[in-house]
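FYI, the numbering just counts along the sequence from 1.
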Amino acid sequence: MIALKKYIIPVSLLLIILFWLVRWQPDRHDVHTTTQLAMGTLVSLSVWGTKPENEEKVFAAVFEKIRQLEAVASRQDVNSIVYRINHAPSGEKFTIPSELTHIVAKGLQVHLLSGGAFDPGLAHISDLWGFTQGVPEVEKIPEKRLIDAWLEKRKQCFDYGIHLKLPDNDSDGPGLLWLADDSFALDLGAIAKGYILDQAMAVLKREGIINALIVGGGDMIIAGAKGDQPWRIGIQHPRDRDKVMASVEVLQDMALATSGDYERFFMADGQRQHHILDPKTGHPARSGLISVSIQAREAMIADALSTAVFVLGMEKGKALIERLEGVEGMLVQENGERWKSSRFPGQWLEE
Ligand code: FAD
Ligand code: MG
């Protein structure tokens with residue numbers, strides 16, 4: 001039942017997206033889709049205008065890539081290097097594969113850009129809340145003393161505890177990583193999924209496919225169009241699972257990621273206890289925002305920024321989006337207030 005429960009919301013989100021894709025596609029027979037479970041969510045590939053006889057082989061190659069990278073970046077997989085790093089004594093140095101080096105380097109950049117709102121080292125606090133595997137088995141707010149102890153340890157740290165030494169000359173090579181304090185443990189759940197979708201799209205492109213859409217939970221990467229038709233995406237209403245809040249028409253390569261408090265959460269103390277955590281409080285972020293969609297060139301960046309902006313809130317989030325070139329956003333607050341940046345490619349569907 002728990003296994004089923006943890007997929008219900010990602011599944012509903014995916015179904016909304018697929019429903020829109022199918023409903024709006026006049027040429028739907030040319031769109032071929034396949035969906036599999038990966039990274040604790042559903043990943044769906046859609047391609048347009050390819051020969052069906054090639055698709056099976058290409059789809060298999062894409063999922064193989066996804067699983068290969070998941071086995072590197074997952075903190076849930078006991079055989080992954082991230083798991084080993086998180087369970088080693090602090091200070092132990094690890095040579096990490098180039099893919100992981102890239103993800104952690106970008107994660108650290110977004111950490112700085114967001115003034116610490118994005119924190120790829122908060123696995124311990126995420127575990128305390130029980131968001132390691134979907135929603136927790138016991139839906140309970142962690143003991144205050146445990147959260148306070150984590151915050152106190154963090155306060156004692158002179159600087160941020162994830163240390164990464166990049167390769168000297170080859171920026172694509174393996175890096176050296178160590179955690180300086182045991183209040184730090186890698187949680188790449190808000191960035192690695194985006195990176196993996198980017199790499200999945202790269203596999204499709206290498207296979208000569210130029211019109212495709214890959215969706216994983218709230219993240220997606222889009223290439224090309226459907227002939228002269230755009231890809232059309234629906235963004236789910238954060239408080240009404242059956243409602244599409246906004247639509248986005250895509251005619252060119254781009255990535256879109258949505259972070260919300262409605263995907264992984266439980267109710268306790270009359271509040272929604274969700275999986276996007278504020279590193280300053282050790283509690284679910286209460287910035288007033290309930291849904292953040294970010295458009296960027298790479299899904300990795302869109303993924304990380306959607307989480308960062310969610311934590312930062314409307315004003316600081318807007319300022320960050322407006323500061324970054326090639327990044328657009330659509331933000332919704334609990335009180336109904338909403339905003340989208342001038343070049344965000346989507347439209348609200350309701351008042
Ligand atoms: P996002 O907003 O993109 O990310 C939220 C997630 O990021 C949280 O769940 C937490 O992990 C982390 N986070 C919370 N607050 C912050 C913050 N302030 N800064 C940075 N990060 C933060 N889930 C499972 O249930 N089972 C699995 O086996 C599993 N395997 C995975 C393997 C990989 C390689 C990856 C990348 C993820 C895996 N996940 C798994 C997690 C899952 O796919 C998503 O990460 C999770 O659903 C949240 O993603 P999101 O896009 O909904 O939210
Ligand atoms: Mg994210």
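Judged as a salt bridge (Lys or Arg N to Asp or Glu O under 4.0 Å), and not counting sequence neighbours, the contacts of Arg239 are Asp261, Glu334. For Arg323, the side-chain contact (heavy atoms from CB on, under 4.5 Å) partners are Leu113, Leu320, not counting sequence neighbours. For the side-chain contact (heavy atoms from CB on, under 4.5 Å) test, residues two or more places apart in sequence or in another chain that qualify with Lys93 are Leu176, Trp178.
Within the 4.5 Å cutoff, the side chain of Leu179 has heavy atoms near those of the Asn86 side chain. Within the 4.5 Å cutoff, the side chain of Phe184 has heavy atoms near those of the Cys157 side chain. Side-chain contact check for Leu331 versus Val309: some heavy-atom pair is nearer than 4.5 Å. A 4.5 Å side-chain heavy-atom check between Leu204 and Ile214 finds at least one atom pair inside the cut-off. Residues Val215 and Val43 fail the side-chain proximity criterion, which asks for heavy atoms closer than 4.5 Å. Between Trp339 and Ile321 there is a side-chain heavy-atom pair separated by less than 4.5 Å. Under the 4.5 Å side-chain criterion, counting only non-hydrogen atoms from C-beta, Ile233 is in contact with Ile222. Between Trp231 and Val248 the shortest side-chain heavy-atom distance does not fall below 4.5 Å.
Ion pair Glu328/Arg343 not flagged as a salt bridge, since none of the NZ, NE, NH1 or NH2 atoms sits closer than 4.0 Å to an Asp/Glu carboxylate oxygen. With respect to the salt-bridge test (charged N to carboxylate O, under 4.0 angstrom), the residues Asp253 and Lys205 qualify. Note on Glu325 versus Arg297: salt bridge recorded, some NZ/NE/NH1/NH2 to OD/OE distance being below 4.0 Å. With respect to the salt-bridge test (charged N to carboxylate O, under 4.0 angstrom), the residues Asp182 and Lys153 qualify. With respect to the salt-bridge test (charged N to carboxylate O, under 4.0 angstrom), the residues Glu64 and Arg67 do not qualify.
Tyr83 does not carry Arg75 over the face of its six-membered ring by the limits of under 6.0 Å from the centre and within 45° of the normal.
Counted within 6.0 Å of NZ on Lys65, heavy atoms from surrounding residues, nucleotides or ligands total more than 12; the atom is thus considered enclosed. Surrounding CD of Gln252 are at most 12 heavy atoms belonging to other residues, nucleotides or ligands under 6.0 Å away.
With hydrogens and angles disregarded, a donor-acceptor distance shorter than 3.5 Å links the side chain of Glu70 to the backbone of Met39. Of the possible polar contacts, one joining the Gln273 side chain to the Ala268 backbone as a donor-acceptor pair under 3.5 Å is found. The backbone N or O of Met300 sits less than 3.5 Å from a side-chain atom of Asp198, completing a donor-acceptor pair. Under the 3.5 Å distance criterion, the side-chain polar atoms of Ser46 are left unmatched by any main-chain donor or acceptor of Thr33. A distance-only check finds no donor-acceptor pair linking the side chain of Gln199 to the backbone of Leu69 [under 3.5 Å].
Expressed to the nearest 0.5 Å, how far CD1 of Ile96 lies from CD of Glu99 amounts to 10.0 Å. For the atom pair CG of Asp30 and CD of Gln229, the computed distance is 11.0 Å after rounding to the nearest 0.5 Å. Remark: Leu164 CG to Ile103 CD1 distance equals 11.5 Å, nearest 0.5 Å. Interatomic distance, CG of Leu188 versus CD1 of Ile196, reported as 9.0 Å (0.5 Å rounding). Atoms CD1 and CG, from Ile235 and Leu349 in turn, are 9.0 Å apart once rounded to the nearest 0.5 Å. Separation of atoms CD (Glu55) and CD1 (Ile209) is listed at 6.5 Å; rounding is to 0.5 Å.
The shortest heavy-atom contact between Ser126 and Leu277 is CA-CD1, 3.6 Å. Here the closest non-hydrogen pair linking Gly317 and Leu312 is N-CB, 4.0 Å. Between Gln333 and Ser287 the shortest heavy-atom distance is OE1-O, 4.4 Å. Across all non-hydrogen atoms, the minimal contact from Asp219 to Thr258 is OD1-N, 4.3 Å. Closest approach of Lys193 to Gly216, counting heavy atoms only: NZ-O, 3.4 Å.
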Report the C-alpha distance between Leu256 and Phe344 in whole Å, list the side-chain angles of each, state the deciding distance to 0.1 Å, and finish with yes or no for side chain to side chain contact (heavy atoms under 4.5 Å, CB included).
CA-CA 10 Å; Leu256 188 71; Phe344 187 83; 3.9 Å; yes
Side chain to side chain contact (heavy atoms under 4.5 Å, CB included) between Gln295 and Met330, worked out
CA-CA 9 Å; Gln295 185 228 320; Met330 182 182 251; over 6 Å; no
Give the intermediate values and the outcome of side chain to side chain contact (heavy atoms under 4.5 Å, CB included) for residues Arg272 and Met267.
CA-CA 5 Å; Arg272 193 177 282 259; Met267 295 303 292; 4.0 Å; yes
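The side chain to side chain donor-acceptor pair (under 3.5 Å) analysis of residues 108-124, with sequence neighbours excluded, yields the pairs Asp119-Arg154, Asp119-Tyr160.
Separation of the Phe265 and His275 ring centroids does not fall under the 6.0 Å cut-off. Ring-centre distance between His283 and Trp129: below the 6.0 Å cut-off. Aromatic pair His274/Phe310: centroids less than 6.0 angstrom apart.
For Asp172 and Ser98, the side-chain atoms include no donor-acceptor pair closer than 3.5 Å. In summary, the side chains of Gln271 and Asp269 do not present any donor paired with an acceptor at a separation below 3.5 Å, with no hydrogens or angles considered.
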Identify every side-chain donor-acceptor pair in residues 301-308 under 3.5 Å, counting partners at least two apart or on other chains, and give the distances.
| from | atom 1 | to | atom 2 | distance (Å) |
| --- | --- | --- | --- | --- |
| Asp303 | OD2 | Ile191 | N | 3.4 |
| Asp303 | OD2 | Gly194 | N | 3.1 |
| Ser306 | OG | Ser259 | OG | 2.8 |
| Ser306 | OG | Ala302 | O | 3.4 |
| Ser306 | OG | Asp303 | O | 2.8 |
| Thr307 | OG1 | Ser259 | OG | 3.4 |
| Thr307 | OG1 | Asp303 | O | 3.3 |

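In the hydrophobic clustering, where aliphatic and aromatic side chains (Ile, Leu, Val, Met, Phe, Trp, Tyr) are joined below 4.5 Å either directly or transitively, Ile210 stands alone.
Under the 4.5 Å side-chain heavy-atom criterion for Ile, Leu, Val, Met, Phe, Trp and Tyr, Ile162 and Leu122 are members of distinct hydrophobic clusters.
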